[in-house]
2 protein chains.
Amino acid sequence: MFSSDPNAMGMLIRKLESIAFLSEEERQAIQNLPIRVQALRARQDIVRDGDRPSQCCLVLEGWAVRYKLLSEGRRQILSFHIPGDIPDLQGLHLHTMDHSLATLTKATVAFIPHESLLDLTTRYPTLAGIFWRETLIDAAIFREWVTSMGRRSACERIAHLFCELYLRLEAVGLASEHRCEMLVTQIELSDALGLTSVHINRVLKDLRQRELITLKSRNLTIEAWNELTRTSDFDPTYLHQRRPVA
Amino acid sequence: MFSSDPNAMGMLIRKLESIAFLSEEERQAIQNLPIRVQALRARQDIVRDGDRPSQCCLVLEGWAVRYKLLSEGRRQILSFHIPGDIPDLQGLHLHTMDHSLATLTKATVAFIPHESLLDLTTRYPTLAGIFWRETLIDAAIFREWVTSMGRRSACERIAHLFCELYLRLEAVGLASEHRCEMLVTQIELSDALGLTSVHINRVLKDLRQRELITLKSRNLTIEAWNELTRTSDFDPTYLHQRRPVA
DNA sequence: CGCGCTATTGAGAGAGCTCAATGTGCGTGG
DNA sequence: CCACGCACATTGAGCTCTCTCAATAGCGCG
């Protein structure tokens with residue numbers, strides 16, 4: 001069950017290197033983290049609101065979401081997570097979950113004990129800073145989402161989200177040439193963007209007709225990157241990626 | 001200009017003790033941080049989107065906000081900050097501001113050099129964890145705001161925000177008995193909640209008529225705490241305060 | 001004690017929602 | 001390899017919550 005699969009940690013290292021510099025020693029220390037790899041079905045809860053987890057979940061394959069449930073069946077998706085992400089890294093210092101984490105697609109994840117991560121941050125203060133930075137970027141993305149939900153139209157919100165996800169996928173080598181997988185249904189998009197799936201559908205139709213995007217069977221192509229970023233007010237600064245993107 | 005005013009740091013210590021335990025030695029180390037205290041007018045920018053600050057801003061008196069500006073004069077307020085808060089603590093590991101910070105009211109703030117804070121986190125790893133925790137709670141509040149903006153009605157959003165601000169003020173000794181100052185205009189409320197000030201006005205009228213709140217000349221009284229939390233789906237877990245609140 | 005910003009109220013409009021029906025694609029099992 | 005079933009996507013019609021525009025009132029600061 002427990003192993004030190006270099007391939008598994010490769011994804012985490014690639015992700016961290018997209019936001020900070022890692023020394024060889026630090027890379028090695030990450031490689032040596034004990035992990036338990038697990039295959040999960042689509043739409044399966046990993047951690048639930050109210051839980052007090054003792055490990056973090058690293059996404060290796062597939063997509064995950066964090067979400068909150070409200071009264072009357074309302075749901076809000078808080079974030080999308082792709083390979084390389086540790087969606088519940090905040091658990092290191094917040095002991096009670098204030099939301100849930102679930103897979104969106106069939107996925108492979110690796111669980112890392114909190115104690116191993118905390119030990120790592122003690123031994124490598126620079127790495128502690130990098131993991132801290134990772135959670136700060138998480139917060140920066142929430143700020144951008146607050147902005148979208150508060151002051152952007154449905155069309156701008158969708159376009160903005162596509163730009164964000166494309167750049168995040170590109171940063172870990174899962175996208176290029178303005179093409180990527182978009183492993184979400186219109187229902188999930190609506191729960192993330194505070195809209196209804198019916199309205200999402202109509203806006204997507206409009207974006208297609210304006211030839212800004214192609215989206216078919218989970219494959220997104222951004223046909224006009226500049227125009228899409230312009231109409232959605234997209235500025236990648238908030239992703240705090242290490243190298244500026246074209 | 002630089003000093004070690006024990007009173008100034010008292011506010012920060014009170015805030016940190018509302019979310020974590022501090023040892024005497026740690027309290028002392030915080031007291032010894034070099035600070036530059038400054039009085040500011042209302043509605044004055046402290047740090048701007050795009051800046052690369054070399055210090056953090058601790059609020060001592062008055063309220064501050066973080067905000068983003070969009071095209072066509074749109075503004076989104078991202079968070080409200082009260083005494084004891086360090087609204088730009090993320091600057092320790094995110095070097096470019098992705099939003100602005102400004103006073104809302106006349107305010108007193110203390111600036112703390114990044115290098116002093118980073119040095120503190122190196123010498124006191126436990127304190128590093130506590131500051132990290134502080135930024136994680138910041139993110140938890142953003143998550144709750146995303147949820148509000150996405151899936152709560154105007155009325156629920158306002159009620160939820162009032163509950164949040166009351167508890168945060170209470171945690172640092174600035175509120176009790178369900179009364180507190182609410183140092184925001186309806187325009188600022190609208191920019192925080194993604195609504196218009198006209199609509200805020202109408203919903204406030206409704207909340208008053210239902211005798212849930214009294215709000216007059218910046219003084220808020222929550223007349224029916226239980227009902228207000230119920231109607232707004234408010235669960236204080238996300239604030240991750242150290243002692244559960246009544 | 002008057003100016004300017006904030007609060008309040010009315011009337012009409014619009015972005016996005018609800019309800020509902022139909023079409024489509026894909027995974028599963030025979 | 002094909003047929004079935006189910007979840008997802010698409011479209012239409014009518015509605016509502018919130019917005020826009022606009023006018024007036026009130027309050028706090030200089």
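Sequence lines set the chain letters: A, B, ... in the order given, protein chains first and strands last, and positions in each chain run from 1. Everything numeric in this text was worked out from a predicted model, so none of it was measured.
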Donor-acceptor pairs under 3.5 Å, side chain of residues 80-91 of chain B to any protein atom, not counting sequence neighbours: which ones?
{"unit_1": "H81(B)", "atom_1": "ND1", "unit_2": "D85(B)", "atom_2": "OD2", "d": "3.3"}
{"unit_1": "H81(B)", "atom_1": "NE2", "unit_2": "R66(B)", "atom_2": "NE", "d": "3.1"}
{"unit_1": "H81(B)", "atom_1": "NE2", "unit_2": "S79(B)", "atom_2": "OG", "d": "2.7"}
{"unit_1": "D85(B)", "atom_1": "OD1", "unit_2": "K15(B)", "atom_2": "NZ", "d": "2.6"}
{"unit_1": "D85(B)", "atom_1": "OD2", "unit_2": "I82(B)", "atom_2": "N", "d": "3.0"}
{"unit_1": "D85(B)", "atom_1": "OD2", "unit_2": "R168(B)", "atom_2": "NH2", "d": "2.8"}
{"unit_1": "D88(B)", "atom_1": "OD1", "unit_2": "C57(B)", "atom_2": "N", "d": "2.8"}
{"unit_1": "D88(B)", "atom_1": "OD2", "unit_2": "C57(B)", "atom_2": "N", "d": "3.4"}
{"unit_1": "Q90(B)", "atom_1": "OE1", "unit_2": "R66(B)", "atom_2": "NH1", "d": "3.1"}

Is it true that Y166(A) and H160(A) have ring centroids separated by less than 6.0 Å?
-> no

Base, sugar-phosphate or nothing for [X]? Non-hydrogen atoms, less than 4.0 Å.
| X | answer |
| --- | --- |
| R208(B) | sugar-phosphate |
| R157(B) | nothing |
| S197(B) | nothing |
| R218(B) | sugar-phosphate |
| L195(A) | sugar-phosphate |

In whole angstrom, give the distance that lies between atom [atom1] of [X] and atom [atom2] of [N].
| X | N | atom1 | atom2 | value |
| --- | --- | --- | --- | --- |
| M149(B) | dT18(D) | CE | P | 13 Å |
| H199(B) | dC17(D) | NE2 | P | 9 Å |
| R74(B) | dC19(D) | CZ | P | 13 Å |
| K216(A) | dT10(D) | NZ | P | 11 Å |
| L215(B) | dG26(D) | CG | P | 18 Å |
| L189(B) | dT18(D) | CG | P | 15 Å |
| N201(A) | dC8(D) | CG | C1' | 10 Å |
| I200(A) | dT11(D) | CD1 | C1' | 16 Å |

Compute the angle between the rotation axes at the two ends of the helix from dC1(C)-dG30(D) to dG30(C)-dC1(D), each taken over five pairs, rounded to 10 degrees.
-> 60°

State plainly whether the residues D206(A) and R202(A) are in salt-bridge range, i.e. N to O under 4.0 Å.
-> no

Answer yes when D51(A) and R48(A) have at least one side-chain N-carboxylate O distance shorter than 4.0 Å, and no when they do not.
-> no

5' to 3' contact window, DNA chain C with chain B (heavy-atom distance under 4.0 Å) | dT6(C) to dA11(C)

Side chains of E164(B) and W145(B), donor plus acceptor under 3.5 Å | yes

Nearest-nucleotide check on DNA chain C, S217(A) vs V203(A); residue mapping nearer the 5' end is V203(A)

Would you say the base of dG12(D) and the side-chain of R202(A) have a donor-acceptor pair closer than 3.5 Å?
-> yes

What's the spacing between [X] [atom1] and [Y] [atom2] if we round to 0.5 Å?
| X | Y | atom1 | atom2 | answer |
| --- | --- | --- | --- | --- |
| T103(B) | Q44(B) | OG1 | CD | 5.5 Å |
| R52(B) | T96(B) | CZ | OG1 | 4.0 Å |
| E156(A) | L161(A) | CD | CG | 13.5 Å |

When you get a sec, tell me which of dC21(D), dT10(D), dC19(D) is the closest nucleotide to the side chain of Q186(A)?
-> dT10(D)

Would you say a side-chain N or O of K205(A) is under 4.0 Å from OP1 or OP2 of dT10(D)?
-> no

Between R152(B) and dT18(D), does any side-chain N or O lie under 4.0 Å from OP1 or OP2?
-> no

Name of the residue among I77(A), I200(A), V184(A) meeting side-chain contact (heavy atoms from CB on, under 4.5 Å) with S190(A) = I200(A)

Just do the salt bridge (charged side-chain N to carboxylate O under 4.0 Å, His left out) check on E223(A) and R179(A) with the steps written out, would you?
-> CA-CA 9 Å; E223(A) 304 289 356; R179(A) 292 165 177 279; over 6 Å; no

